[in-house]
Undergrad: 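Supplied in structure tokens, the structure appears directly below.
Note that these values count all heavy atoms, side chains included, but never hydrogens, waters or copies made by symmetry.
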Amino acid sequence: MNTYRRGWTLRRRVLALLAVVGVLLVGLAVAEAVVAAKNRAYTDALLTRTGPLRVQGQELLNALLDQETGIRGYAVSGNRADLAPYEQGVQQERDVAATITTLSRDYPAVTDALRTAQQQADAWRRAVAEPVIATTGSSGTAAGQALITAQARQQFDEIRTSVGDLQTAILAEREKGARDIERTGNMLVMLLIVAAVVVVFAGTLMLLSLERMVIRPLTGLAEQVREVAEGDYQHHIAGTGPPEFRRLADDVDVMRQKIAKDLAEVRAARENIEWVNSQLQKQAEELTRSNRDLEQFAYVASHDLQEPLRKVASFCQLLQRRYAGQLDERADQYIAFAVDGAQRMQRLINDLLAFSRIGRLTTGFVDVDLNRVMGDVASQTEPGRQYADAELTWGELPVIRGEEPLLTNLLVNLVSNSVKFRRPDVTPKVRVSARLVDAEWEITCQDNGIGIEPEFADKIFVIFQRLHAKDAYPGTGIGLAIVKKIVEYHGGRVWVDTDQAEGTAIRFTLPARPEDVEAAKAAAEVGPAADEEATATPDGDATATTSDDDAASLPAGETPVPAEDPEPADRPTPVGRQPGGTQDEDPPGGPPGQGTTGGTKERVG
């Protein structure tokens, strides 16, 4: 109690302990930061300077060897073309020397060794290489070979030795850097150990202080409060320990005195809360009805707008056809604006109708083969792909539970978007693929178009949201909103893969059938060894043949690969040919097992 009378309250004691521990930990953190910075600097020097220096040293030796080889070859043949290694080696030597000079600015020994090697190389070129070139060109190969003496070879061996000294100096710097890294690493470990000791000591001291100054007084206070909570509202609460706890006990006793008075108010508040909860439930039900009515209103309003809009569009088109050129240029422009606006409004209403129908008009889920769906997608997107000369390919796709019209609409929107948002002067390529991830099929629509910035990855799925002006890329801005609603209706999710280096990859998931998941697990347990054993011939060679029955069981749009085909079995199989016959020169009917799509490139496989 004397301590408290001198002013050492619980707050002051705790603050003093935390201040001491904080100063120690801050000092240790600063020391660790300094040591870590040195360690990082040493590591960067080892990885980005001494490591590349060793590679550049070897490149320097290779450049010198190329020079000697070129000189020898020219002295033997007298052909100027044989001097190419010499000339390339001289240029490479200069480039490598410049790189080594840049990397070794803090390594004087390496710089000196490089300078010595360069001087010896220059002396060798003046004493041997240049005379051999001049003599061979003027007096013939015999005279040139006569200049390549044992002394000349010895002089080049000295260059080798100098390059070896350079590599030795680089290795010495590398070992020094490794020792510095080890030393700073040990210092970091030691500082961490000291910090851990400080934390443990401070924690122990804090626990002991809390036990004596906090836990015991609070335990006594809690026992008294528990008696009051059990119904003894006349029990007087007396506090012990620090002044803060004694004041807390007085405040709790005041609260005890008000409990009886406040019980009635608590009951009233409870009744009020129950009433508010009931009102919230009613509002939630009303909101559900309102959403349903709003969706019905959008559907009915869209239907009711169709008839007058068709009339406006029809008569505007009649005006355009009948009076085109008869009025002034501005009148023709106004009529064109009216026709365009009516047509865009029709597209907006149709897209809004399609959006409102998703999940409301249902035929029930059935097994849908996405390979067959892709055939329908190819047919529906054929005009746009022909116009853009687009290439559509897809791999082996799964069978999933869903509604085929909605899934077709989903893929049509994705493929159409990929073709629409293409890059100028680049052939559009769209690839649809699937893979099984846990219990879901992850399906990807990949293209090589203009791409999507990461900050707009979520915005594109909002209805009527556009990232470009309608003059640059036409559309209503509802296609990807329809995609998102269809995917979520089937129990999946959709997103944009922002890690693509080129183009756009939109991925979505659909629940896999239980039998597909079990088959994938069984295949994973069996492993590739069973497949090799099943396809191996008695001589140990694996063979792959395709019978007529197998060809008949292939999905629509795929062509069986002959056993003698040297290309991989999983390569894309062409289903269409490029316009103008640049890919295949087959007649319009195409060979057996191969069809055309009006000149649009497609591949399956």
Undergrad: I need the L410 CG to E404 CD distance, nearest 0.5 Å.
TA: 12.5 Å

Undergrad: Compare all side-chain heavy atoms of L411 with those of F508 and state whether any distance is below 4.5 angstrom.
TA: yes

Undergrad: Test D82 against S77 for side-chain hydrogen bond (donor to acceptor under 3.5 Å, both in side chains), laying out the working first.
TA: CA-CA 8 Å; D82 292 335; S77 65; 2.2 Å; yes

Undergrad: Enter the distance from E442:CD to R507:CZ here, rounded to the nearest 0.5 Å.
TA: 5.5 Å

Undergrad: Using the side chain to side chain contact (heavy atoms under 4.5 Å, CB included) rule, take V399 and W441 through it: C-alpha gap first, then chi angles, then the decisive distance, then the call.
TA: CA-CA 10 Å; V399 176; W441 285 106; over 6 Å; no

Undergrad: So, do T99 and T102 sit near enough that their side-chain heavy atoms are less than 4.5 Å apart?
TA: no

Undergrad: To the nearest 0.5 Å, what is the distance between CG (L406) and CD1 (I486)?
TA: 5.0 Å

Undergrad: Would you say the side chain of E93 lies within less than 4.5 Å of the side chain of Q67, judging by non-hydrogen atoms?
TA: yes

Undergrad: How far does CD of E440 sit from CG of D516, to the nearest 0.5 angstrom?
TA: 13.5 Å

Undergrad: Would you mind checking if R401 and D367 are paired as a salt bridge, meaning a charged N to carboxylate O distance below 4.0 Å?
TA: yes

Undergrad: Any non-hydrogen side-chain atom of D66 less than 4.5 Å from a side-chain atom of V90?
TA: no

Undergrad: Show your reasoning for whether side chain to side chain contact (heavy atoms under 4.5 Å, CB included) applies to S433 and I443.
TA: CA-CA 6 Å; S433 59; I443 302 173; over 6 Å; no

Undergrad: May I ask you to decide if P428's main-chain N or O and N448's side chain share a donor-acceptor pair within less than 3.5 Å?
TA: no

Undergrad: Between N413 and N409, is there a side-chain donor-acceptor contact under 3.5 Å, judged purely by atom types and distance?
TA: yes

Undergrad: Any donor and acceptor pair, going by atom type alone, linking the side chain of T504 with main-chain N or O of D447 inside 3.5 Å?
TA: no

Undergrad: For K485 and V483: C-alpha separation, side-chain torsions, deciding distance, then whether side chain to side chain contact (heavy atoms under 4.5 Å, CB included) applies.
TA: CA-CA 6 Å; K485 190 170 183 180; V483 167; over 6 Å; no

Undergrad: Any Lys/Arg nitrogen of R385 or E382 sitting under 4.0 Å from an Asp/Glu carboxylate oxygen of the other?
TA: no

Undergrad: How many angstroms lie between OG1 in T101 and CZ in R105, if you round to the nearest 0.5 Å?
TA: 11.5 Å

Undergrad: Charged N to carboxylate O under 4.0 angstrom, E525 versus K521?
TA: no

Undergrad: State, to 0.1 Å, how close V517 and A512 come at their nearest heavy-atom pair, and which atoms those are.
TA: CG2-CB, 3.8 Å

Undergrad: Work out which heavy atom in V368 is nearest to a heavy atom in E403; give both atom names and the distance.
TA: CG2-C, 4.4 Å

Undergrad: Is there a side-chain contact between Q281 and N277, using heavy atoms and a 4.5 Å cut-off?
TA: no

Undergrad: For F365 together with H490, are the ring centres under 6.0 Å from each other?
TA: yes

Undergrad: Restricting to non-hydrogen atoms, name the atom on L103 and the atom on P52 that form the minimum distance, rounded to 0.1 Å.
TA: CD1-CB, 3.9 Å

Undergrad: Distance check, rounded to the nearest 0.5 Å: Q167 atom CD versus L61 atom CG?
TA: 8.0 Å

Undergrad: So which atom in G89 and which in A63 form the shortest heavy-atom distance, rounded to 0.1 Å?
TA: O-CB, 3.5 Å

Undergrad: I'd like to know whether L407 forms a side chain to side chain contact (heavy atoms under 4.5 Å, CB included) with L370, so could you lay out the CA-CA distance, the side-chain angles of the two residues, the decisive distance to 0.1 Å, and finally the verdict.
TA: CA-CA 8 Å; L407 295 173; L370 295 185; 4.2 Å; yes

Undergrad: Would you say the side-chain atoms of R422 pair up with the backbone N or O of V419, donor to acceptor, closer than 3.5 Å?
TA: yes

Undergrad: Walk me through whether Q91 and E87 qualify under side-chain hydrogen bond (donor to acceptor under 3.5 Å, both in side chains).
TA: CA-CA 6 Å; Q91 183 61 40; E87 296 171 351; over 6 Å; no

Undergrad: Could you check whether any side-chain heavy atom of V377 comes within less than 4.5 Å of a side-chain heavy atom of T381, counting everything from C-beta outward?
TA: yes

Undergrad: Got V415 and L392 here, is their nearest side-chain heavy-atom distance under 4.5 Å?
TA: yes

Undergrad: If you define the side chain from C-beta out and look only at heavy atoms, does anything of N371 sit under 4.5 Å from E396?
TA: yes

Undergrad: Would you call R513-E518 a salt bridge at under 4.0 Å N-O?
TA: no

